Amino acid sequence: MIQKWIGAGLVFAGCTGAGFLKASAYRREERLLADTYRLLEQMENELSFRVSDVYTLCDLSRNFSKELASFYDAVKENLLNQSADTVSKAMEIVCREGNSFPQSVYEMQFLLGQTLGQYDLDGQLREISSVKEICRQKLTALQDNREDKLKSYQTLGLCAGAALALMLL
Amino acid sequence: MYCHWDSLLDVLPSRFRAEADKQGKNTLQEFRMRIHKPALMVTSKGTISLKEIVTPGDLNFVIQIASRYSPWAAATMAKGYLTAQGAHRIGVCGEAVVKNGEVTGFREITSLCIRVARDFPGIGERASKLEGNILLLGPPAWGKTTLLRDLLRQISKQAGQCVGVVDERGELFPKANGRFLFPLGGNLDVVSLCPKAEGLDMILRTMGPTCIGVDEVTSAADCDALVKAGWCGVRLIATVHAKSLHDLKTRPVYKPLIEKGLFDWAVILHEDKSYHWERMKL
């Protein structure tokens, strides 16, 4: 009987944990997208004011989350050691080597990588601005649905856990 | 002698690096790349043709590395050159993009000429004893910039001197990671990558110089800027493309400098990098 109770407890904890993990992944995606949006904003400002190079733009990521900073550090490293001859290739390499970004965040980096270092100043600013707009839309969608989604993931985890535990008992 | 050799090798496609490195920084003067032709190395001992054929990818690689993957930061491309890390100048030829009658960049690059930048501290010591405004004369690649750099450095070490430098091409006193790559000397301030007219005005108004140096006076606008800056109680030191004083006087673009008697001395460079000076007469 004790074994049954322990099993039910573990199942309940597992399901609840899964629900909370899903909710925290949602929060992480939102945080990374918000960071990406702010990074794009800083890149735009840095470019308009100082006309800085790609390396300096990559360095701006250090003002944000560690994940974003390590991604751009790796991109910069690939460019510096010449293992990629364009920014987009450098980003591809970093993504292939094991990047754990959520799909939407990865898409933003990919879109930026496709254009970075390809145009003159005006063209580059326009490209960053259009990626920023896509990022803003995705972020707004995540923020609008945040309360409902988080509640449903957590509730679903709890309920599924409770139901399975009851069935076991 | 200072030379940022690693920066030069970095700019070259990897398959050319070993050959260039074999020549070394004392011998290699230029590395030339022409599309679908063998790469050429111009050395102090003669020209060497390499076996490898230059591809469009090689040319793009050089531009990408030299511009730090940032075409917007390499605005000088529109003028047909860009300066790589280590002050190595890369001349560019190809199909130009023209907007409103002005070249804005290159659609396709067909030739590159990479010139090895070197610094020889001490070579300007003799000329630094001259008083008044000095014009350095010499054809391309005869060492005008190298002499100007050291001349300015030597003057900046003299008592009571404060030297301002307008380094439009970023070749005189190049920087990387916030540090100057060649020794600065004494009392010397540099405004980099700034057009001469604006740079001269800026330094004159704000830095209280006793002497101002500019490299490569090539256009009427540059001459006008020098004339405007002249007779302000500040020494001017500049370089121009001319083989002799006679050549200089026959070039219409330099007429304002000659007619107004702006410069007191012409320092004339020789092919072997030595030089002599002549007084400039009105």
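Chain A is the first sequence line, chain B the second, and so forth, proteins listed ahead of strands; every chain is numbered from 1. It should be emphasised that the depicted structure is a prediction, and the values quoted were computed from it without experimental measurement.
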Could you work out all donor-acceptor pairs shorter than 3.5 Å where one atom is in chain A and the other in chain B?
| residue | atom | partner | partner atom | Å |
| --- | --- | --- | --- | --- |
| Ser52(A) | O | Trp72(B) | NE1 | 2.6 |
| Asp53(A) | OD2 | Arg68(B) | NE | 2.3 |
| Asp53(A) | OD2 | Arg68(B) | NH2 | 3.3 |
| Val54(A) | N | Ser70(B) | OG | 2.7 |
| Leu79(A) | O | Tyr69(B) | OH | 3.2 |
| Gln82(A) | OE1 | Arg17(B) | NH2 | 2.4 |
| Gln82(A) | NE2 | Asp10(B) | O | 2.8 |
| Ala84(A) | O | Tyr69(B) | OH | 3.4 |

Quiz prompt | Greatest number of heavy atom pairs closer than 4.5 Å to chain B - which of Leu47(A), Val87(A), Leu79(A) | solution = Leu79(A)
Quiz item: Tell me, side chain or backbone of Leu80(A) under 4.5 Å from chain B's heavy atoms, or both, or neither?
Solution: neither
Practice problem: Please list, in residue-number order, every residue in residues 28-36 of chain A that has a heavy atom less than 4.5 Å from any heavy atom of chain B; write 'none' if there are none. | Solution: none
Quiz item: Applying salt bridge (charged side-chain N to carboxylate O under 4.0 Å, His left out), which residue pairs with at least one partner in residues 101-116 of chain A are found, sequence neighbours left out?
Solution: Glu107(A)-Lys138(A)
Quiz item: If you count the non-hydrogen atoms of other residues, nucleotides and ligands that lie under 6.0 Å from CE in Met207(B), is the total more than 12?
Solution: no
Quiz prompt | Set of side-chain hydrogen bond (donor to acceptor under 3.5 Å, both in side chains) partners for Glu133(A), sequence neighbours left out | solution = Arg136(A), Gln137(A)
